[in-house]
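First the structure, in the form of structure tokens, and then the observations on it.
Source: prediction; values computed, not measured. Letters go in sequence order (proteins before strands), and every chain restarts at 1.
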Amino acid sequence: MSSMPEFEYKRPETLKELFDLLPGYESGAAILAGGTDLMPRIKRGLEKPGLVVDIKDIEGLSYVEDKGEKVKIGALTTIFDIRNNTLIKDKYPALHEAATLTASENIQLRGSIGGNILQNTRCLYYNKSEAWRDSFKPCLKNGGDICNAAKGGKRCFSVYRGDLAPALMSLGASVCIVSENGEKETALEDIFTGDGVTPFSLSRDELIKNVIIPSAKMKGGYGKFRMRKAVDYPSVNVAISMDTGGKGRLVVGSVGAKPFMYEFSSLEELKEIPERAYKDVSPINNMSLSPYYRKNMVRVLAEELIRRV
Amino acid sequence: MTNFRHIKKGPRRTDGALIVTGRADFTGDISLPGMLFGKILRSPYPHARIVEINTEKAKKLEGVKEVITGKDIGYRRFSFIDTPAFPADQTPLAVDKVRFVGEGVAAVAAISEDIAVTALHLIDVKYEELPPVFDPEEAMKDGAPAVHETIEPNTTTAWEDFGIPSTKSRPYKAVNNISNRNLIEYGDIGKGFEDADYLKEDRFEIPSTSHMAMEPHAAVASYQPTGKLDVWLSHMGFEHKRFWLAKLLDMPISRVRVHKTYVGGAFGGKISIFPYEFIAAYLSRLTLRPLKITLTREEVFCVCPPSRRMIVYLKTGVKKDGTITAQQVKVIDDVGAYRGSSPTALYLAHVFRNPIYNIPNLKHEGYGVYTNKLYTTAKRGHGLQQIVFAVESQLDMICDELGLDKVEMRLKNFRKKGDTLPNGDMLRSYGLPECLEEAAKKIGWREKYGKKKFRGLGIGTASMFSGAHNFPFSSAAMIRLNQDGRMILYTGQAEFGNGVDTVMAQIAAEVLDCPLDYVIVNSGDSEVSPHDLGNWLSGGVFVSGEAVRRAALDLKDQMLQHAAAGLDIPVEDLSIRDGWIIPGSDESKKLSFSDISRYGIQMAGGDPLIGKGFSKCVPEVYFWKGKFNKTASLSSGKGRFTEAYGLTLAIAEVEVNPNTGEVEIVEVVLADDCGTPINVKSVEGQIMSQAVMGIGDVFYEEVKIKNGIVMNPNLLEYRVPTANDIPKITSIIVDSYEPNGPFGAKEVGESPRAAAISAIANAICNAIGERIYTLPMTGDRIMEALHSKNT
Amino acid sequence: MKRSVLLSVNGERREVFIKPNSTLLEVLRDELLLTGAKEACGSGECGACTVLVDGKPVNSCITLAMEAEGKAIETIEGLSKEGKLHPLQEAFIDHHAFQCGFCTPGMIMSAKAFLKRSPEPTKEEIRNAISGNICRCTGYENAVDAILDTAVGTEK
């Protein structure tokens with residue numbers, strides 16, 4: 001048992017109720033969906049919200065809908081439902097495969113697409129209890145001004161290790177962000193700041209309402225390099241989606257604070273991407289496998305996936 | 001005896017219904033009225049002097065009942081092993097300085113766990129950091145920081161308390177951080193190497209791995225005003241825990257009751273006394289209230305000792321035909337901050353593998369070395385997998401270089417049934433060659449070897465004691481006949497998942513030829529159970545099971561005597577069949593067990609019948625007052641330790657992806673000579689369990705310590721296999737029949753793991769054509785090896 | 001601040017007085033003394049604490065008790081009915097699908113939810129369904145067989 005900081009808990013039933021709640025808490029509110037990312041963070045003292053708002057009872061946030069030009073996926077749609085959705089399986093193989101390979105089946109049943117996208121970045125020196133972190137000075141991500149993983153590092157090297165976001169980015173997805181002031185649609189890649197300290201540009205009073213994917217059927221796939229065949233976050237992940245004209249995107253994840261996205265408009269261009277990605281990424285020693293190896297695996301995994309797709 | 005009623009069958013676990021309903025009580029499930037909660041403040045530094053601890057603020061927090069520091073407890077030293085030569089070196093809380101990150105410095109008792117945690121934040125500790133040393137080979141050099149000053153023993157050491165003949169204890173000065181050493185020699189190593197046509201020398205490094213028992217460590221202690229201590233803790237035999245609690249608390253052993261709990265996995269890791277167990281008892285005595293300490297998973301990883309880290313220097317000499325002429329082993333055991341089980345492990349790293357190969361000239365030297373890291377302990381095999389990994393890796397390299405067949409080379413060098421080992425232990429049963437033949441046949445070694453690129457085959461071997469004469473040096477059992485004709489069997493064995501309660505019931509019910517549910521097992525309770533070795537060194541079935549068999553025979557004998565008197569016929573004319581006592585002449589006069597109980601009480605002076613049995617692992621080893629015989633020495637390896645060795649042979653086939661270093665196991669075959677399998681399902685379960693644990697060892701498992709800090713103290717970063725990671729695993733039981741074991745049984749609980757590790761590791765190296773000298777063989781290491789081969 | 005919360009556990013209405021930061025696991029174990037669900041990792045990495053909420057498996061160590069308010073909570077203690085073990089429980093015993101048994105309640109609960117959504121599974125699907133339930137003793141295969149056996153039994 002690890003003792004959790006105290007907080008209030010609310011379970012609004014409408015978005016309006018939610019937005020009424022958020023500003024009232026000075027120490028911040030945390031939005032709780034499946035909780036598979038948030039709760040361990042709270043338990044380890046990485047997040048100290050004054051209020052936890054459980055949005056699971058908010059009506060109408062769980063769906064996969066074909067809206068003609070676009071397919072919309074409600075933020076509370078579980079990873080499991082995405083994995084089993086025939087429309088997604090048929091149109092967006094990269095997303096289907098990413099959902100299938102996420103964590104374990106029980107986590108898929110609990111975790112939502114919105115929460116999975118907005119999962120925080122991770123680091124071997126960061127996702128630990130307060131007592132463990134006592135052996136170190138506070139790092140950049142934890143209110144300090146140093147990086148414990150890269151000595152002398154001036155920025156945070158924590159890594160975004162989500163499964164779904166790279167697949168969605170490859171599909172050209174955008175997200176509908178809702179706040180008290182209304183809704184706005186933003187390209188998924190634009191919500192990533194690239195800064196490990198605050199990986200997302202969303203403010204505390206905004207949440208993802210749904211994910212929007214262009215409706216055209218895409219060829220593609222998802223490759224996940226992980227040590228075990230379940231539970232694990234990706235060590236490196238790659239998603240590719242392309243339309244019938246051979247135009248599309250390749251996205252590499254788990255090598256930085258945000259996924260690396262590459263557009264291509266022909267097979268020739270696509271084939272050049274693995275080498276480019278390999279040169280672009282510079283992982284450091286802050287997760288299980290050596291950075292040199294992970295860097296190499298970017299190219300290998302991308303090439304393997306291109307061959308397969 | 002071939003027509004067994006219960007032996008060599010696979011009956012359901014007698015306690016199964018408790019487990020599947022969630023009603024088996026593990027330590028963490030125990031809750032007592034008025035119970036307090038304890039928490040321990042731990043050092044963030046690997047090496048520091050404690051200048052001052054201020055507990056005033058914490059003491060004032062509402063709900064806090066007691067705050068203690070190392071100074072309050074003082075130098076009450078404990079260890080896995082505590083001998084005059086190697087006296088205990090660890091205290092429950094650090095007194096003067098801390099030696100590893102996570103070492104306890106203060107403890108709190110409070111009315112809730114939350115308050116206890118809050119109180120820890122209010123304790124102010126001033127440290128003066130000292131230069132740490134992390135690398136054992138650095139630590140051995142002159143001028144390295146000293147982890148320990150001179151260690152003053154307790155008034156007496158445990159060995160003196162046990163009466164083991166030895167010199168009087170003396171202070172221990174760790175020169176160059178050497179915590180302990182041993183030297184075992186036989187034959188003539190110089191001549192052995194001279195006789196060799198080929199010499200091979202290598203260095204291997206085996207990391208610590210976690211037991212990762214699913215149950216996090218916990219203890220509940222309840223000290224009563226009568227001067228009695230009740231404790232509930234996860235144990236693998238109560239005797240060692242009870243001894244140390246009593247010794248450290250200065251209480252009579254008999255006033256400490258270690259209760260039975262279900263144990264959520266042990267694997268050797270819960271063998272020794274833990275600081276938190278003592279602290280729970282100590283705080284309970286101070287507050288006169290029950291108290292519980294539960295460690296978080298992160299604490300378990302950071303403060304409970306994992307398996308021993310060893311560096312093995314190995315030099316082997318062989319003839320051209322593959323005959324081993326000599327082997328020289330130097331083991332550096334990076335013990336961490338405290339010596340723990342190192343003196344035992346350095347010995348076991350030799351003796352456990354002794355039955356495998358006939359090595360006429362051998363030198364084995366071992367050094368335990370202190371470093372400022374988490375201390376280490378026994379884990380399923382305790383030194384075996386470390387030495388076997390080195391030896392089997394090197395044998396494969398030798399075979400590759402000399403062009404020898406790896407199966408034939410091993411068959412040529414195996415020992416033989418009937419051999420006497422250099423220390424006097426005998427191999428009365430020895431199925432290892434048969435295990436190899438069968439495993440090779442099953443996997444198709446001869447057809448497959450070297451045929452496919454990036455496919456590899458590898459062999460691993462292992463052997464293991466079937467118990468030893470560790471404290472308390474023997475096991476006993478009692479079996480009591482009840483009025484209803486059912487029996488209660490009392491054994492000190494601990495059910496920690498091995499199915500031992502069921503196995504003991506099978507043994508008793510076999511002797512008494514009655515249904516299994518006639519025997520109700522009461523186990524693992526120090527106040528109820530007789531004397532027992534515990535589940536140490538895989539002696540559960542062989543030693544304690546034999547005690548149970550003899551207790552059942554004793555009861556049977558008494559029952560037949562009563563029946564003979566009651567029926568007025570000679571004992572020889574009676575037999576027991578199917579829960580009845582049957583006179584040979586007239587079956588209609590048969591008596592039930594219940595009849596016998598009534599006869600005893602009414603007609604034989606009120607005797608309700610209790611059977612008693614005991615067993616000692618190596619009866620010829622003894623000591624009493626000044627007399628002793630063949631008492632073994634951990635330091636010189638001389639003297640006998642066990643009566644029978646379990647043996648395992650594993651062969652693995654793997655395929656390696658040359659682009660990623662990912663490995664797919666095609667199949668692992670484990671052939672195990674465990675003598676007679678008492679419960680076939682449990683034996684298969686033990687083999688399967690260890691094959692899967694071995695997969696974890698080869699692919700992912702390592703307690704990673706950087707600057708003294710455990711970097712992967714959770715289940716995402718310390719990976720154990722999931723259900724999706726299990727390949728085809730085949731187990732073959734080679735029943736060799738051990739004449740000294742109960743119904744011919746011997747060990748199965750520890751050797752398969754070491755065999756599996758070496759087999760899979762060798763298969764990977766065979767597939768990539770390059771050697772990896774350490775574990776785990778992760779993708780990055782495999783790619784590095786492939787890369788070095790290509791450049 | 002503590003508050004009164006009404007939970008439905010194994011069909012029984014249970015009122016508990018708890019803080020909002022109490023996990024479902026803490027409330028089940030410490031308040032309701034239902035100790036079948038175990039804490040092994042405390043952060044949703046192992047599945048030993050798996051219980052069902054409205055029929056879905058959750059890691060109760062990272063689920064707040066208040067999240068389960070108004071929902072049907074099912075624990076291992078609720079599985080046997082009318083003095084009889086659930087077929088899954090029988091099958092786990094038959095197949096020696098546990099050794100130490102610490103992970104067993106969680107694994108059985110995962111299996112129960114799984115067989116409901118997938119009554120005719122393959123072995124591969126079963127493995128995947130329990131892939132979030134870490135077991136250190138058995139090597140899983142006996143559990144997979146037990147679950148398969150139960151599924152076949154349900155068809156009868």
Side-chain angles (χ1 to χ4, degrees), chain B residues 10 12-13 15-26 28-31 113-114 211-216 262-267 294 296-298 495-499 679 681-682 684-693 695-696 714-717 719-726 729, chain C residues 19 21 26 29-30 33-48 75-77 79-80 85-86 88-109 124 126-144:
Chain B
R12 292 165 37 125
R13 282 265 297 269
D15 49 4
L18 271 183
I19 284 171
V20 298
T21 53
R23 289 179 59 178
D25 279 335
F26 296 84
D29 301 332
I30 306 287
S31 186
E113 202 164 45
D114 279 355
H211 309 83
M212 234 316 290
M214 289 305 291
E215 174 197 29
Y262 279 89
V263 180
F267 317 116
T294 310
T296 64
R297 176 59 61 187
E298 195 178 271
E495 176 63 70
F496 57 74
N498 45 0
N679 188 319
K681 288 281 190 183
S682 288
E684 287 168 354
Q686 284 296 314
I687 296 170
M688 181 75 183
S689 170
Q690 292 175 74
V692 171
M693 196 175 258
I695 288 168
N714 56 59
L715 281 172
L716 284 178
E717 290 156 354
R719 295 170 176 83
V720 300
T722 73
N724 281 353
D725 299 301
I726 311 304
I729 297 169
Chain C
K19 285 183 184 170
N21 67 353
E26 285 164 357
R29 287 179 58 83
D30 302 340
L33 303 179
L34 295 169
T35 55
K38 306 295 181 200
E39 172 155 333
C41 74
S43 45
E45 296 158 359
C46 79
T75 72
I76 190 77
E77 287 89 351
L79 220 55
S80 40
L85 297 186
H86 186 277
L88 268 170
Q89 293 173 315
E90 289 287 357
F92 266 63
I93 305 176
D94 282 341
H95 286 269
H96 284 240
F98 51 82
Q99 285 178 26
C100 85
F102 199 80
C103 71
T104 307
M107 195 182 283
I108 289 179
M109 295 315 284
E124 180 124 3
I126 295 170
R127 282 190 197 104
N128 209 36
I130 59 166
S131 65
N133 292 89
I134 303 293
C135 168
R136 186 56 156 169
C137 298
T138 63
Y140 304 101
E141 279 305 285
N142 288 352
V144 172

Spacing of [atom1] belonging to [X] relative to [atom2] belonging to [Y], to within rounding of 0.5 Å:
X      : Y      : atom1 : atom2 : result
B:R297 : C:C46  : CZ    : SG    : 7.0 Å
C:C100 : B:Y262 : SG    : OH    : 11.5 Å
B:R23  : C:S80  : CZ    : OG    : 8.0 Å
C:Y140 : B:I729 : OH    : CD1   : 11.5 Å

- Contact origin within B:E298 toward chain C - heavy atom pairs under 4.5 Å: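 Contact with chain C is absent: no heavy atom of B:E298 under 4.5 Å.
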#### Entry: Part of B:A17 lying under 4.5 Å from any heavy atom of chain C
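Interface part for B:A17: both.
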Most contact-rich option vs chain B, by heavy-atom pairs under 4.5 angstrom, among C:A129, C:G36, C:G132, C:G139, is C:G139
Ranking C:C137, C:C135, C:C41, C:P105 by heavy-atom pairs under 4.5 Å to chain B gives rank one to C:C137
With a 4.5 Å heavy-atom cut-off, do C:E141 and B:M688 have their side chains touching? yes
B:T722 meets the side chain to side chain contact (heavy atoms under 4.5 Å, CB included) criterion, sequence neighbours left out, with A:R228, A:A230, A:V231, B:N724, B:D725, C:I134
Residue part contacting chain B, namely of [X], when any heavy atom lies under 4.5 Å:
X      : answer
C:I108 : side chain
C:F102 : both
C:T138 : backbone

List the steps and the verdict of side chain to side chain contact (heavy atoms under 4.5 Å, CB included) for B:T21 and C:L79. CA-CA 8 Å; B:T21 53; C:L79 220 55; over 6 Å; no
Side-chain donor-acceptor distances from residues 88-97 of chain C under 3.5 Å, at least two apart:
| unit_1 | atom_1 | unit_2 | atom_2 | d |
| --- | --- | --- | --- | --- |
| C:Q89 | OE1 | C:H86 | N | 2.8 |
| C:Q89 | NE2 | B:V20 | O | 2.9 |
| C:E90 | OE1 | B:R12 | NH1 | 3.1 |
| C:E90 | OE1 | B:R12 | NH2 | 3.1 |
| C:D94 | OD1 | B:R12 | NH1 | 2.5 |
| C:H95 | NE2 | C:D149 | OD2 | 3.0 |
| C:H96 | NE2 | B:P11 | O | 2.8 |

| field | Side-chain donor or acceptor of C:R136 paired with backbone N/O of B:F267 under 3.5 Å | value | no
query: After noting the C-alpha distance and the side-chain angles of C:Q99 and B:S689, does the key distance pass the side chain to side chain contact (heavy atoms under 4.5 Å, CB included) rule?
result: CA-CA 9 Å; C:Q99 285 178 26; B:S689 170; 4.0 Å; yes
| request: Applying side chain to side chain contact (heavy atoms under 4.5 Å, CB included), run through C:K19 and B:D114 and close with a yes or a no. | output: CA-CA 12 Å; C:K19 285 183 184 170; B:D114 279 355; 4.3 Å; yes
